[in-house]
Number of protein chains: 2
Amino acid sequence: MASQQKTSRKAAAAAIRRPQARAANGRAHAGDAGDDIGLDALVGHAGYAVRRFQLWIFQDFIKTLATVDIRPTQYSVMTVIGANPGLSQMAVAKRLGIERARLVHLLDSLEERDFVSRIPSATDRRSHALHLTARGRSALAQFKRLAAEHERHVADKIGKDNRERLLQILACFT
Amino acid sequence: MASQQKTSRKAAAAAIRRPQARAANGRAHAGDAGDDIGLDALVGHAGYAVRRFQLWIFQDFIKTLATVDIRPTQYSVMTVIGANPGLSQMAVAKRLGIERARLVHLLDSLEERDFVSRIPSATDRRSHALHLTARGRSALAQFKRLAAEHERHVADKIGKDNRERLLQILACFT
DNA sequence: ATCAATTGTTGTCGTCAACAACAATCTTTC
DNA sequence: GAAAGATTGTTGTTGACGACAACAATTGAT
């Protein structure tokens with residue numbers, strides 16, 4: 001493949017020049033940096049819009065909480081544990097739609113930073129009861145303030161009422 | 001960490017039993033499999049809902065187009081090239097918000113399957129003019145039919161009008 | 001007592017975004 | 001027209017993330 005690239009770059013300078021069907025949005029020379037590139041069917045696909053939106057929103061979250069070095073998934077884990085102390089890893093994973101294998105590493109890092117502690121369950125010696133540490137509780141309070149600031153960025157971007165509508169539409173997935 | 005887990009599992013069976021602050025949504029024993037686990041602040045976060053929604057929507061897309069083995073990103077690349085023949089890799093990457101480094105591998109796979117061809121640009125010997133092959137064009141037509149079916153799944157899930165509203169709200173990101 | 005299921009853990013694999021470096025090539029500037 | 005800087009495609013690495021498979025310890029059911 002690399003060699004194929006090399007050879008095709010060097011050799012076939014006289015390329016196949018087909019009459020070439022015109023673009024759906026009719027542009028002359030499509031190679032330049034103009035921003036009038038049509039998306040065709042993509043504009044009707046919710047998945048594309050959602051992907052772009054999630055990219056933006058996650059980047060803003062990470063940037064807004066960069067000072068405390070907390071990522072969206074870590075925030076969601078701490079929030080759920082804070083609201084439901086004593087949950088097992090299984091319960092947290094199921095509730096948040098995270099693989100329990102992945103949650104292991106997430107909790108490892110949060111435990112290293114002394115935000116969360118795994119306490120052996122009194123009733124089931126297989127499972128751990130998850131709790132926030134004192135440090136974790138006060139940290140989470142700060143995270144929530146920063147997350148609220150991030151949420152204001154979202155409202156600024158798409159509009160306050162649109163954000164409300166969005167939350168309502170997607171409520172069935174939370 | 002692994003040893004810490006081992007020891008804590010074996011040793012501290014008599015765990016710390018704090019009086020333990022009650023959960024925000026007031027539950028008795030939080031360790032069981034009940035689905036009444038509160039999300040607390042997460043319900044107000046657009047990012048969380050969007051993440052869950054994107055997970056669902058991408059999985060449905062992949063499943064619906066499994067017979068043709070096309071993933072969302074591949075579909076978006078072929079759609080844009082089909083609508084704008086002759087685009088450079090840079091232009092496609094910028095338009096779709098993909099890293100140009102990542103687009104290289106995407107195009108490699110699409111070129112291997114004879115859906116896309118990189119034709120040396122006549123005006124700029126650095127860049128490639130991207131085109132769909134004849135096989136790529138007819139394949140894309142089928143992909144679009146399947147993608148439309150997927151889009152109906154979305155409408156079934158969140159409601160036809162909600163889907164329209166969603167597309168409208170997120171139009172600024174496409 | 002035995003067998004199936006659950007829980008946490010470890011590991012691998014593939015996708016994806018972000019970055020950095022590089023050669024080839026184009027563009028700008030003197 | 002030659003040097004300096006920018007752009008394009010490519011390669012590679014890193015880290016977050018989802019999916020899956022295996023495993024030991026433990027629990028629950030038969």
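We use all heavy atoms of the structure for the numbers below, so side chains are in, but hydrogens, waters and symmetry mates are not. Below, chain A is the first sequence line, B the second, and so on; all start at residue 1.
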Novice: Which listed nucleotide (C/dA20, D/dG18, C/dT25) is nearest to the side chain of B/Arg125?
Specialist: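 Of the candidates, C/dT25 comes closest.
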
Novice: Counting only side-chain N and O atoms of A/Arg51, is one of them less than 4.0 Å from OP1 or OP2 of C/dA17?
Specialist: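 Result: yes.
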
Novice: Between A/Arg165 and A/Asp161, does any side-chain N to carboxylate O distance fall below 4.0 Å?
Specialist: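 Yes, A/Arg165 and A/Asp161 are salt-bridged.
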
Novice: Around atom CD of A/Gln168, are there more than 12 heavy atoms of other residues, nucleotides or ligands at under 6.0 Å?
Specialist: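 Counting neighbours around CD of A/Gln168, 12 or fewer heavy atoms of other residues, nucleotides or ligands fall under 6.0 Å, so no.
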
Novice: Among C/dT9, D/dT8, D/dG18, find the nucleotide with the atom closest to the side chain of A/Val104.
Specialist: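 Nearest nucleotide to the side chain: C/dT9.
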
Novice: Return the 5'-most residue of the pair A/Asp124, A/Gly97 with respect to DNA chain D, ranking by each residue's nearest nucleotide.
Specialist: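 Its nearest nucleotide being more 5', the pick is A/Gly97.
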
Novice: For residues A/Phe143 and A/Phe115, establish whether the separation of their ring centroids is below 6.0 Å.
Specialist: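 Judged by ring-centre distance (under 6.0 Å), A/Phe143 and A/Phe115 do meet the cut-off.
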
Novice: Do the side-chain N or O atoms of B/Arg118 get closer than 4.0 angstrom to the phosphate oxygens (OP1, OP2) of D/dT10?
Specialist: yes

Novice: B/Leu103 has an atom CG; how far is it from atom C1' of D/dT10, in whole Å?
Specialist: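 Interatomic distance, CG of B/Leu103 to C1' of D/dT10: 12 Å.
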
Novice: Kindly say if A/Arg126 contacts the phosphate of D/dA25, meaning a side-chain N or O under 4.0 Å from OP1 or OP2.
Specialist: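 So the side-chain polar atoms of A/Arg126 never come under 4.0 Å of the phosphate oxygens OP1 or OP2 of D/dA25.
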
Novice: Under a 4.0 Å N-O cut-off, is there an ion pair linking B/Lys157 with B/Asp60?
Specialist: no

Novice: Which nucleotide in the list D/dA21, C/dC16, D/dT10 gets nearest to the side chain of B/Arg71?
Specialist: C/dC16

Novice: Which of the following nucleotides, C/dC16, D/dC17, C/dG8, is nearest to the side chain of A/Thr73?
Specialist: D/dC17

Novice: Under 4.0 Å between a side-chain N/O of B/Gln89 and OP1 or OP2 of D/dT7, yes or no?
Specialist: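 No, outside the criterion.
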
Novice: Once you round to the nearest 0.5 Å, how far does NZ of A/Lys94 lie from OG of A/Ser88?
Specialist: 8.0 Å

Novice: Starting at atom NE2 of B/His128, determine the distance to atom C1' of C/dA24, rounded to an integer number of angstrom.
Specialist: 11 Å

Novice: Please confirm whether the shortest side-chain N or O distance from A/Arg102 to OP1 or OP2 of D/dC17 is below 4.0 Å.
Specialist: yes

Novice: For a side chain to side chain contact (heavy atoms under 4.5 Å, CB included) with A/Thr133, tell me which candidate from A/Asp114, A/Leu110, A/Val116 qualifies.
Specialist: A/Asp114

Novice: Nearest whole angstrom, please: distance from the P of C/dC16 to the CZ of B/Phe61.
Specialist: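 Value for this atom pair: 11 Å.
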
Novice: Give the rounded distance in Å between these two atoms: CG of A/Asp108 and P of C/dG8.
Specialist: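 Going from A/Asp108 (CG) to C/dG8 (P), I get 13 Å.
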
Novice: Can you measure A/Leu55 atom CG to D/dA16 atom C1' for me and round it to whole angstrom units?
Specialist: 13 Å

Novice: Measure the distance from CD1 on B/Ile98 to P on D/dT10 and round it to the nearest whole Å.
Specialist: 14 Å

Novice: Do the side-chain N or O atoms of B/Arg100 get closer than 4.0 angstrom to the phosphate oxygens (OP1, OP2) of D/dT8?
Specialist: no

Novice: If you assign each of B/His105 and A/Phe58 to its closest nucleotide in DNA chain D, which residue comes earlier from the 5' end?
Specialist: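 Result of the comparison: B/His105.
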
Novice: In whole angstroms, how far is the P atom of C/dG14 from the CD atom of A/Glu99?
Specialist: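 Distance, rounded to whole Å: 16 Å.
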
Novice: Rounded off to whole Å, could you give me the CZ-to-P distance for the A/Arg52 and C/dC16 pair?
Specialist: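 Taking atom P of C/dC16 as the reference, CZ of A/Arg52 is at 15 Å.
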
Novice: If only side-chain N and O atoms of B/Ser127 are considered, is one of them under 4.0 Å from the OP1 or OP2 phosphate oxygen of D/dT7?
Specialist: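 So the side-chain polar atoms of B/Ser127 never come under 4.0 Å of the phosphate oxygens OP1 or OP2 of D/dT7.
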
